[in-house]
Amino acid sequence: MSSPYVALAGEHERLEWLGGGIMEVLLDAEHTGGHLSLFRSTVPTATAAPVHVHPDEDEIFVMLRGSGLIWAGDRRFELHAGGVAFLPRAVPHAYRFTSDDVDMLAIATPSGMEGFLRDAGWDLSRPKPAGWAVTPEALRRSAAANGQVVLGPPLAADEMIPAALLDTQR
């Protein structure tokens with residue numbers, strides 16, 4: 001059984017993430033007894049994630065500010081402030097933010113995705129080496145070590161997930 005957990009603003013773990021954005025780990029497996037993880041992303045510039053799949057976690061995006069494109073399987077959606085997207089486990093997906101100053105919540109159930117984020121991101125409580133960045137190689141390595149799969153590079157706004165990448169999950 002989980003114990004109650006409360007953290008105030010400024011007490012969350014902060015990671016540098018894609019595009020120099022900040023990923024805050026609001027809740028993780030330790031806080032929720034493994035039921036879910038909750039993250040908050042703030043991205044100062046347009047950023048994109050590679051095509052990837054979570055075999056074991058469902059993911060929910062809640063766009064608080066800004067806009068973006070979300071690909072899930074063979075579909076593409078626009079998500080604006082106030083919008084929500086549910087991405088079922090085992091469905092290849094990707095995202096591209098289309099505005100500056102994005103603020104988004106992501107929920108993963110069950111928990112565990114935080115291992116991937118911590119492994120590929122940089123813990124901002126420690127001094128960051130000059131030139132450090134989230135690289136495609138770091139994403140692939142971290143995904144493989146944490147039960148996820150990077151299937152391909154980020155998509156351009158007018159692209160769709162290639163059928164060959166969708167077929168890999170059938």
Gap between atom [atom2] of [Y] and atom [atom1] of [X] - 0.5 Å precision:
X	Y	atom1	atom2	answer
I70	H93	CD1	NE2	8.5 Å
D103	I22	CG	CD1	12.0 Å
R14	E16	CZ	CD	10.0 Å
D123	K128	CG	NZ	12.0 Å
L69	T98	CG	OG1	5.5 Å

For the student: nearest non-hydrogen atoms of [X] and [Y], plus distance:
X	Y	value
G115	S142	O-OG, 4.3 Å
P162	L155	CD-CD2, 4.4 Å
V25	H12	O-CB, 3.7 Å
P92	L165	CG-O, 4.2 Å
V150	A143	CG2-CB, 3.9 Å
S99	S67	OG-N, 2.9 Å

With a 4.5 Å heavy-atom cut-off, do [X] and [Y] have their side chains touching?
X	Y	result
M160	R76	yes
L151	V149	yes
P50	P154	yes

Point to revise | Residue pairs, two or more places apart or on separate chains, that pass side-chain hydrogen bond (donor to acceptor under 3.5 Å, both in side chains) and touch residues 19-30 | key: D28-H31, D28-R118
**Study point:** Candidate pair D74 and L166, rule side-chain contact (heavy atoms from CB on, under 4.5 Å), full reasoning
**Key:** CA-CA 8 Å; D74 61 358; L166 298 175; 3.9 Å; yes
Would a distance-only check, ignoring hydrogens and angles, find a side-chain to backbone donor-acceptor pair under 3.5 Å from [X] to [Y]?
X	Y	answer
W71	E159	yes
H80	E78	no
R65	D101	yes

Exercise for review: Please name all residues satisfying salt bridge (Lys or Arg N to Asp or Glu O under 4.0 Å) with D58, sequence neighbours left out, ordered by chain then number.
Suggested key: R89
Practice item. Please name all residues satisfying salt bridge (Lys or Arg N to Asp or Glu O under 4.0 Å) with R141, sequence neighbours left out, ordered by chain then number. Key: D119
Review point. Going through the distances and angles, do Y95 and L18 end up as a side-chain contact (heavy atoms from CB on, under 4.5 Å)?
Key: CA-CA 11 Å; Y95 61 84; L18 295 172; 3.6 Å; yes
Practice item. Please step through ring-ring contact (aromatic ring centres under 6.0 Å, His included) for the pair W17 and F116, ending with a clear verdict. Key: CA-CA 11 Å; W17 194 238; F116 165 71; 5.6 Å; yes
Point to revise | Residues H54 and E59: side-chain donor-acceptor under 3.5 angstrom | key: yes
Study note, to complete from the structure: Grouping ILVMFWY residues whenever side-chain heavy atoms fall under 4.5 Å, the cluster of F77 otherwise contains none
Revision key, fill the gap. Apart from L105 itself, members of its ILVMFWY cluster (side-chain separation under 4.5 Å) are Y5, L26, L27, L36, L38, I60, V62, L64, V84, F86, I107
**Study point:** Residues which pass side chain to side chain contact (heavy atoms under 4.5 Å, CB included) with S111, listed by chain and number, not counting sequence neighbours
**Key:** A29, T32, S37, E114
Review point. Considering the options N146, V134, L15, which one meets the side-chain contact (heavy atoms from CB on, under 4.5 Å) requirement together with L117?
Key: L15
Practice item. Decide yes or no on side-chain contact (heavy atoms from CB on, under 4.5 Å) for F39 and M113, but give the supporting numbers first. Key: CA-CA 10 Å; F39 313 103; M113 195 180 300; 4.2 Å; yes
Review point. Is R126 positioned over the aromatic face of W122, cation under 6.0 angstrom from the ring centre and no more than 45 degrees off axis?
Key: yes
